[in-house]
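What follows is a short report on a single structure.
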Number of protein chains: 2
Amino acid sequence: MTIQQVATEAGVSPSTVSNLLNGRNHRMLPETRQRIERAIDKLGYRPNRAARQLRTGRNTTIGLVVPSVGNPFWGALARHLESAALAEGYHVLLCNSERDPRRERDYVDELWADGVHGVVLCSSLPSLEHVMPLVERGLQLVAFDRTSQAGDPASLVSISVDNAIGSQLATQHLTDLGHRRLAFVSGALASVNRKERYRGFTAGLEQAGIDPETSVRAPVKGDADDFGDVEASELGRAAAAELLALEEPPTGIVAINDMCALGVCRGLRDGGLEVGKDVSVVGFDDIVLADLYAPTLTTVRQPMQEMAAAAFTQLRSRLDDSGPTQGQSLLFRPELIVRESTAPPS
Amino acid sequence: MTIQQVATEAGVSPSTVSNLLNGRNHRMLPETRQRIERAIDKLGYRPNRAARQLRTGRNTTIGLVVPSVGNPFWGALARHLESAALAEGYHVLLCNSERDPRRERDYVDELWADGVHGVVLCSSLPSLEHVMPLVERGLQLVAFDRTSQAGDPASLVSISVDNAIGSQLATQHLTDLGHRRLAFVSGALASVNRKERYRGFTAGLEQAGIDPETSVRAPVKGDADDFGDVEASELGRAAAAELLALEEPPTGIVAINDMCALGVCRGLRDGGLEVGKDVSVVGFDDIVLADLYAPTLTTVRQPMQEMAAAAFTQLRSRLDDSGPTQGQSLLFRPELIVRESTAPPS
DNA sequence: AGTCACTGGTGCATCGATGCACCAGTGAAG
DNA sequence: CTTCACTGGTGCATCGATGCACCAGTGACT
């Protein structure tokens, strides 16, 4: 099925069909238009993407670079992004960087070489310098789960949840329940997002009249760039053990993310404590597991669907030239989801 | 960077460069070859995929249709498949069917229309009739997590773990530990894979000299086509409650998959029993969560990485015309992973 | 009558890579 | 001397869609 066949069927020239297909039909007779549309239906014609891309240099594929879709958090993003893209006829090319900066960079290079002009990048790296050259040549980039920073390219769109508010909600929830001795469990506060979450934690404490200095921040080493990974859960488990060894262990724990929180729960159980009774734990992300674990996990939900949709919309409008070229930061409002892992202190 | 520029740089014609790029260099002077290769390096040339595809009708993209990458099981597949494909310069186009048969079909149609000739299909449907027309036109299909059946197209490749052996291993593990009252928890045994797993269960019982009739098969209704989903866990939870209501509840439980097993664990805990002590539970799949849950879950591992690699290899060889055109079934050997959720009966 | 704008389209070169058909030159066989 | 195979390439039409430049016809105005 080529455009030529459609044209013949409709008794017009290929150009006219092309015009209609591309919205240049202001001065086209309604009747001509109908003839073409009927021909398209009848023949089941679909434009050849390769030809179209060859000619125009554009395409309807966007790239998604995540650390690993094996991880439910990124899997959820992939699912929602693809869903949003599908609705507009776009496709998503999936790329797992496996947290390898080089692989990440190679992927973005290859996507560009393949004519992909829009990429959602979930970078493990604090700096985006490795992709700057392509951005300068016109690559549209959306950074996901990463708030914008000085030094970012001017055209960059950043999409993230408001991390400070999120963990403030979590903290407030604990203080509202009556907890006074709280701890924050995280890997090194290397990324902006993590710092923000910590800031929200201290803000929550202050609001409840608790001196942040007396609260515990579990001192945990470890790689800073893992979100939602197995390592995060091990980290949480170790942190829980440390906290339990204190003279006055905390009764409420805010974890940097859900996987970490699950690790904390496990560590507490190792220590003979019951989560949701002896100790309260709050996570962050609301991954699927949160509602499956025993006890179910109170957590701060990132509105993944909306965030993914926004990522797509932003990319799309820029690819169309219809949107702004200036970059911007989108901060989404997190939501506290109360489940079984939190309760008043015993 | 076009092939023309490379040709000019190397002092040959574009055809010659194309010949080299496509392996038609049997009778090419080594010196010519080197000149071209140097030119390619120097200019950083990469063939334009769109042009190549337009001309040849082929491309280096394969489709992956899964129910949902939000699910860790499929996420893991996506990750490994993409990894295997990447190593050969292929790309993976990700499609979430969301268990919607129509969407699944539309996706396969669209992939075909876009020139994708190879698809890994993880169908929710027992029959593949909806994609038969395309297979007849040359679409190469690999069915994943689904053993082949009568009525399948002759060219179909099926990749799956040996489900019977897997659950037999699980069952044997329990009987070896001394359990004599066992139950099998699953949704309706509608799919071949599920029947196979049940068959392995009964085989394991017989081998231990236990009459399968005396064993309990938790009677659970529900949709038959969900693997590894949230629903599966709810199903497991309900089943556990039912089992506990029996006069002589089983001491060992084999679940149809890990999510279901986690649900069972939760249901048992609801009933005041401790998993890995009062009752033993075995899952199937070895998803990431299995090692995170409390207690960690004994389960039957599907060698996902090998299976994904095989899926790609099969597709690739058929796309090249270098492989067999006859379909085949690949059954992988599962492996029992013993963790904390199983122990001798108390 | 001449100029102009406008209408509803169409012609054609073009994007970059491909691979069949072909070529000129050479040496060997008949 | 003719025929033929072989060597190491090259010329060119082609894939399908695009969109600029252009066209013929008509009516309005100066």
Side-chain angles (χ1 to χ4, degrees), chain A residues 1-37 39-40 43-61 89 110 112-117 138 319-321, chain B residues 1-37 39-40 43-61 89 110 112-117 138 319-321:
Chain A
M1 283 306 106
T2 74
I3 202 174
Q4 174 62 57
Q5 295 173 43
V6 174
T8 305
E9 173 77 25
V12 296
S13 80
S15 301
T16 306
V17 180
S18 171
N19 285 338
L20 176 58
L21 254 39
N22 291 280
R24 287 183 294 274
N25 58 339
H26 312 289
R27 55 188 65 168
M28 185 180 291
L29 289 184
E31 183 221 323
T32 308
R33 176 186 180 149
Q34 283 193 9
R35 282 215 316 281
I36 297 177
E37 282 168 348
I40 289 179
L43 302 178
Y45 165 76
R46 325 209 17 173
N48 180 312
R49 270 186 206 231
R52 186 174 257 178
Q53 178 179 344
L54 177 60
R55 185 64 236 266
T56 64
R58 291 182 193 173
N59 66 17
T60 53
T61 298
E110 180 149 354
W112 177 254
D114 286 352
V116 174
H117 287 205
L319 292 175
D320 283 355
D321 300 328
Chain B
M1 283 305 105
T2 75
I3 202 173
Q4 174 61 58
Q5 295 174 41
V6 174
T8 306
E9 173 76 26
V12 296
S13 79
S15 301
T16 306
V17 180
S18 171
N19 285 338
L20 175 58
L21 253 40
N22 292 280
R24 286 184 295 274
N25 57 341
H26 313 289
R27 54 190 65 170
M28 185 180 290
L29 290 184
E31 185 221 323
T32 308
R33 175 186 180 148
Q34 283 193 9
R35 281 215 317 280
I36 297 177
E37 281 167 348
I40 289 179
L43 302 179
Y45 166 76
R46 322 207 21 172
N48 179 311
R49 270 186 206 232
R52 184 175 257 179
Q53 178 180 344
L54 177 60
R55 185 66 235 266
T56 64
R58 293 184 189 175
N59 65 17
T60 53
T61 299
E110 182 150 351
W112 177 255
D114 286 351
V116 173
H117 286 208
L319 293 175
D320 284 355
D321 300 328

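Predicted model only: the values in this text are computed from it and were never measured. We name chains A, B, ... by the order of the sequence lines, and we start the count at 1 in each one.
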Exercise. Between atom CZ in B:Arg49 and atom P in C:dG16, what is the gap in whole Å?
Worked result: 17 Å
Exercise. Got a sec, which residues hit side chain to side chain donor-acceptor pair (under 3.5 Å) with B:Arg46, two or more places apart in sequence or on another chain?
Worked result: none
For this session: Measure distances between side-chain N and O atoms of A:Ser13 and base N and O atoms of C:dG9, and say whether any donor-acceptor pair falls under 3.5 Å.
Result: no
For this session: Grab the CD-P distance between A:Gln4 and D:dA17 for me, whole Å please.
Result: 10 Å
For this session: Mind calculating the distance between CG (A:Leu54) and P (C:dC15) to the nearest angstrom?
Result: 9 Å
Exercise. How long is the line joining CG of B:Asn25 and P of D:dT7, in whole Å?
Worked result: 14 Å
Problem set entry | Nucleotide forming a Watson-Crick or wobble pair with D:dC22, both distances under 3.5 Å | C:dG9
Exercise. Rounded to the nearest Å, what distance is computed from the CG atom of residue B:Leu43 to the P atom of nucleotide C:dG16?
Worked result: 14 Å
Seminar exercise, completed: Heavy-atom nearest nucleotide on DNA chain D taken for A:Arg24 and for B:Ala51; more 5' hit belongs to B:Ala51
Seminar exercise, completed: Residue pair A:Gly11/B:Ile3 against DNA chain C: nearer the 5' end by closest nucleotide is A:Gly11
Exercise. Using a cut-off of 4.0 Å on non-hydrogen atoms, how would the nucleic acid contact of B:Ser15 be classed: base, sugar-phosphate, or nothing?
Worked result: base
For this session: Assign B:Asn19 to base, sugar-phosphate, or nothing according to its heavy-atom contacts below 4.0 angstrom with the strands shown.
Result: base
For this session: Look at the side chain of B:Arg52 and decide which nucleotide, out of C:dA17, C:dG19, D:dG16, has an atom nearest to it.
Result: C:dA17
Exercise. Restricting to pairs with a member in residues 4-25 of chain B, which pass salt bridge (Lys or Arg N to Asp or Glu O under 4.0 Å), not counting sequence neighbours?
Worked result: B:Glu9-B:Lys42
Problem set entry | Proximity to the side chain of B:Asn22 - top-ranked nucleotide from D:dG19, C:dG19, C:dG16 | C:dG19
For this session: To the nearest Å, give me how far apart CD1 (A:Ile36) and P (C:dG8) are.
Result: 14 Å
Exercise. Expressed in angstrom and rounded to an integer, what is the separation of A:Arg46 atom CZ from D:dG16 atom C1'?
Worked result: 16 Å
For this session: Would you jot down, in residue-number order, the residues of residues 27-35 of chain A having a non-hydrogen atom under 4.0 Å from DNA chain D?
Result: none
Seminar exercise, completed: For B:Asp114, the side chain to side chain donor-acceptor pair (under 3.5 Å) test, sequence neighbours excluded, returns A:Arg49, A:His91
Problem set entry | Check: A:Pro14 main-chain N/O paired with A:Ser18 side-chain donor or acceptor under 3.5 Å | no
Exercise. A:Asn25 side chain to A:Met28 main-chain N or O, any donor-acceptor pair under 3.5 Å?
Worked result: no
Problem set entry | Heavy-atom neighbours of A:Arg35 CZ exceed 12 at 6.0 Å | yes
Problem set entry | Residues forming a side chain to side chain donor-acceptor pair (under 3.5 Å) with A:Ser13, sequence neighbours excluded | A:Thr16
Problem set entry | Nucleotide of C:dA17, D:dG19, D:dG11 approaching B:Pro47 most closely (side-chain heavy atoms) | C:dA17
For this session: Would you please name every residue forming a side chain to side chain contact (heavy atoms under 4.5 Å, CB included) with A:Thr8, sequence neighbours left out?
Result: A:Gln4
Exercise. Base, sugar-phosphate alone, or nothing: which one does B:Val12 contact when heavy atoms must sit under 4.0 Å apart?
Worked result: sugar-phosphate
Seminar exercise, completed: Separation of D:dC15 atom P from A:Met1 atom CE, nearest Å, is 14 Å
